[in-house]
Amino acid sequence: MQNLNISKIFHEIAEYLEMEEVAFKPYAYHRVAVALENLKDDVGEIYEKGGLKKIKEIPGVGKAIGLNIVEYIETGKIDYYEKLKKKSPVNLGELTSVEGLGPKRIKVLYKKLDIKNVKELERAVKLHKIAPLFGFGEKTEENLLEAIKFFKKAKGRILLGEILPIAKDFYKKLKNFKWINKVTIVGSLRRKKETIGDVDFLVSSKYPKKVMEFFVSMPGIEKVWGKGLTKSSVRIKEGFDIDIRIVSQKSYGSALQYFTGSKTHNIATRKIAMSKGLKLNEYGLFRGDKMIAGKDEVSLYKALKMKWVPPELREDQGEIEASLKNKLPQLIEQKDIKGDLHCHSEWNGGKHSILEMAEEAIKKGYSYLGISDHTKFLKIEYGLDEKELSLQRKEINKLNLKFKSKKFKILQGAEVNILKNGLLDIKDIALKELDYAIAGVHSSLKMPKEKMTERIIRAMKNPYIKIIAHPTGRVLKKRERYQLDFNKILRAAKEFKVILEINSSPVRLDLNDQYIRSCKDFGVKMVINTDAHRKEQLNWLEFGIGQARRGWAEKKDIINTRSLLQLTKFFK
DNA sequence: GCCGTTTTCGGCCCGACTGTTTTCAGTCG
């Protein structure tokens, strides 16, 4: 699939053109970039079958952009893009991911201070060179400092959603290699952390040499850091590292435990071993020289008088004690989920029709799917107004007639905007007609804590609001959560029987693990939604489930584990 | 650069917010 590579280049071209204050062209490039992201077929294949003529049928693609696409397909490069880069050698991808910086400001920074990347930006901020610039000021400089801090903190880690598909690809190839006996993804990826530093594989094999030779020559590997008989590291073309470790079969369990981490969890388990006069390391659990466990994880924990701890819990956040007392939670699993309550359709400029989304949901074995398109305040998402919602209702009713025999139902929701004052952008009379309504904050994200808390609580008081979407508003690697008094939110959620969402979108994963656990402890129900804008994104559920498990959530805590009947009753 | 039931030129998504200005540009969603 070259679509996403080209799309990324077009977004960047657009940004370069915006920098140069070229009118309207940026819009054209952004538009095609988005069209490519949403395209079902690979442009390479389209070109093969129908040539430039077919390429030009992609909406927004005319002669010039069409030729750019063809050039990329044939040469892997776009000359126009290379020229723009040469003209303004700034790291746009990096600088635009600093919040508050767009093409215009980046241009000023480049022209006046020769700033080309975040490092140079940071230096300039610290020397107070930004504030005196025309159009900037003290406050902007302050905000930039904060944004840089955040940028640096998030840097170097990759989103779970980006890395997991790639890691799974390598995993499959390793698993199928005939000299490999066993292979497992370990490290933070096995613990399903929302961001990952690098990928770790654990392998057992009697032929480490053959395995290592196979590993370092796998396609997509750019550089080999180190190649030994038990341990190797490589950098892959996507820009992150993969480590592989080979152990003997009899140590597989202890190695699994050791390399899964987290470090704090391991230290705690080692202490328990020590208290029993045992020694625990990656090779096994030992009494003196005698190995008493280590072949598999279950028996290893058992030898420590512990119950096996699910990887998602291994953070030394109470799981050790719970395991010793046999009080570990029965964590939610993907198969417990009966439906998705937050997804979008083509009514919202999404990729797929309500029918297509529903068919995908049926394929996944769901008994319901809630279509919850944005409402009118969000112009960019083609937000629906009261009238459009009622038209959509008619379509959904019609579709539901079809599904009757299949024990499947489409529910109509809406993702309503919480305005600055806590009021909603849709009239109650329209909300009343929906099966349920979701409310979310999409504007004025930088309010003071008290105001933001009040604002959201006011929305929760509306009797038609059943769910708060992405309750803390964080965007991974980009934006901190809004200032919130989460305890007040919890109390309000309980009082007004509002469900808090675990949004599975890889950039959100909001609520995070800590808040999920607070909800559970406080008795506030949650829902695991994907926020899918196209049918494939219904698969994001996996990430939300991982997050929920990290937050100790059980089936009973999650509302979309309930049957259609139970759910509709709950909403009523 | 693209597009067309206002069709080969003239318009292109837009409202809110912030911080900068003194009426508005840049950014965000």
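Note on naming: letters A, B, ... go to the chains in the order of the sequence lines (proteins, then strands), and numbering restarts at 1 for each one. Values in this document were obtained by computation on a predicted structure and should not be read as measured data.
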Over how many whole Å does the gap from [X] atom [atom1] to [N] atom [atom2] extend?
{"X": "A:L95", "N": "B:dC28", "atom1": "CG", "atom2": "P", "value": "12 Å"}
{"X": "A:H470", "N": "B:dG29", "atom1": "NE2", "atom2": "P", "value": "11 Å"}
{"X": "A:L144", "N": "B:dG19", "atom1": "CG", "atom2": "C1'", "value": "12 Å"}
{"X": "A:M19", "N": "B:dT27", "atom1": "CE", "atom2": "C1'", "value": "16 Å"}
{"X": "A:H30", "N": "B:dG29", "atom1": "NE2", "atom2": "P", "value": "13 Å"}
{"X": "A:K139", "N": "B:dC17", "atom1": "NZ", "atom2": "P", "value": "16 Å"}
{"X": "A:L445", "N": "B:dT27", "atom1": "CG", "atom2": "P", "value": "16 Å"}

Taking OP1 and OP2 of [N], is either one under 4.0 Å from a side-chain nitrogen or oxygen of [X]?
{"X": "A:N143", "N": "B:dT18", "value": "no"}
{"X": "A:R479", "N": "B:dC28", "value": "no"}
{"X": "A:S443", "N": "B:dC17", "value": "no"}

Determine the Euclidean distance between corresponding [atom1] atoms of [M] and [N]; express it in Å to zero decimal places.
{"N": "B:dT6", "M": "B:dC2", "atom1": "P", "value": "23 Å"}
{"N": "B:dG11", "M": "B:dA16", "atom1": "C1'", "value": "24 Å"}
{"N": "B:dC14", "M": "B:dC9", "atom1": "C1'", "value": "24 Å"}
{"N": "B:dT18", "M": "B:dC12", "atom1": "P", "value": "27 Å"}
{"N": "B:dG15", "M": "B:dT22", "atom1": "P", "value": "26 Å"}

Between [options], which nucleotide has the shortest distance from any of its atoms to the side chain of [X]?
{"X": "A:A64", "options": "B:dG1, B:dA16, B:dG29", "value": "B:dG1"}
{"X": "A:K25", "options": "B:dC28, B:dC17, B:dG1", "value": "B:dG1"}
{"X": "A:R31", "options": "B:dG19, B:dG1, B:dC3", "value": "B:dC3"}
{"X": "A:T140", "options": "B:dC2, B:dG19, B:dA16", "value": "B:dG19"}
{"X": "A:P103", "options": "B:dG1, B:dT18, B:dT27", "value": "B:dT27"}
{"X": "A:H442", "options": "B:dG19, B:dC12, B:dG29", "value": "B:dG29"}
{"X": "A:K420", "options": "B:dG19, B:dG1, B:dC17", "value": "B:dC17"}

Review point. Got a sec, which residues hit side chain to side chain donor-acceptor pair (under 3.5 Å) with A:R517, two or more places apart in sequence or on another chain?
Key: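 For A:R517 there are no side chain to side chain donor-acceptor pair (under 3.5 Å) partners, ignoring immediate neighbours.
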Could you tell me whether [X] contacts a base, only the sugar-phosphate backbone, or nothing, with contacts defined as non-hydrogen atoms closer than 4.0 Å?
{"X": "A:K446", "answer": "nothing"}
{"X": "A:F134", "answer": "nothing"}
{"X": "A:V61", "answer": "sugar-phosphate"}

Check your understanding: Should the ring pair A:H442 and A:H374 be called parallel, tilted or perpendicular, given that the plane angle runs from 0 to 90° and is split at 30 and 60?
Key ->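 Geometry flag for A:H374 against A:H442: perpendicular rings.
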**Study point:** Close residues, residues 104-115 of chain A, relative to DNA chain B [heavy-atom separation under 4.0 Å]
**Key:**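 Within this stretch, A:K104, A:R105 sit under 4.0 Å of the strand.
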Check your understanding: So which nucleotide does B:dT8 pair with, by the Watson-Crick or G-U wobble rule with both distances under 3.5 Å?
Key ->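 Partner of B:dT8: none found under 3.5 Å.
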Can you see whether [X] engages [Y] through a side-chain donor-acceptor pair at a distance of less than 3.5 angstrom?
{"X": "A:N512", "Y": "A:Q514", "value": "no"}
{"X": "A:H344", "Y": "A:D531", "value": "yes"}
{"X": "A:E346", "Y": "A:H533", "value": "no"}
{"X": "A:E141", "Y": "A:H128", "value": "yes"}
{"X": "A:Q392", "Y": "A:Q412", "value": "yes"}
{"X": "A:D373", "Y": "A:S345", "value": "yes"}

Review point. Hey, is A:F24 doing a stacking thing with B:dC12, by the 5.5 Å centroid and 30° angle criteria?
Key: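 Yes, the aromatic ring of A:F24 stacks with the base.
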Check your understanding: Hey, which of A:E454, A:E495, A:E450 is the one that makes salt bridge (charged side-chain N to carboxylate O under 4.0 Å, His left out) with A:K488?
Key ->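 Single salt bridge (charged side-chain N to carboxylate O under 4.0 Å, His left out) partner of A:K488 among A:E454, A:E495, A:E450: A:E450.
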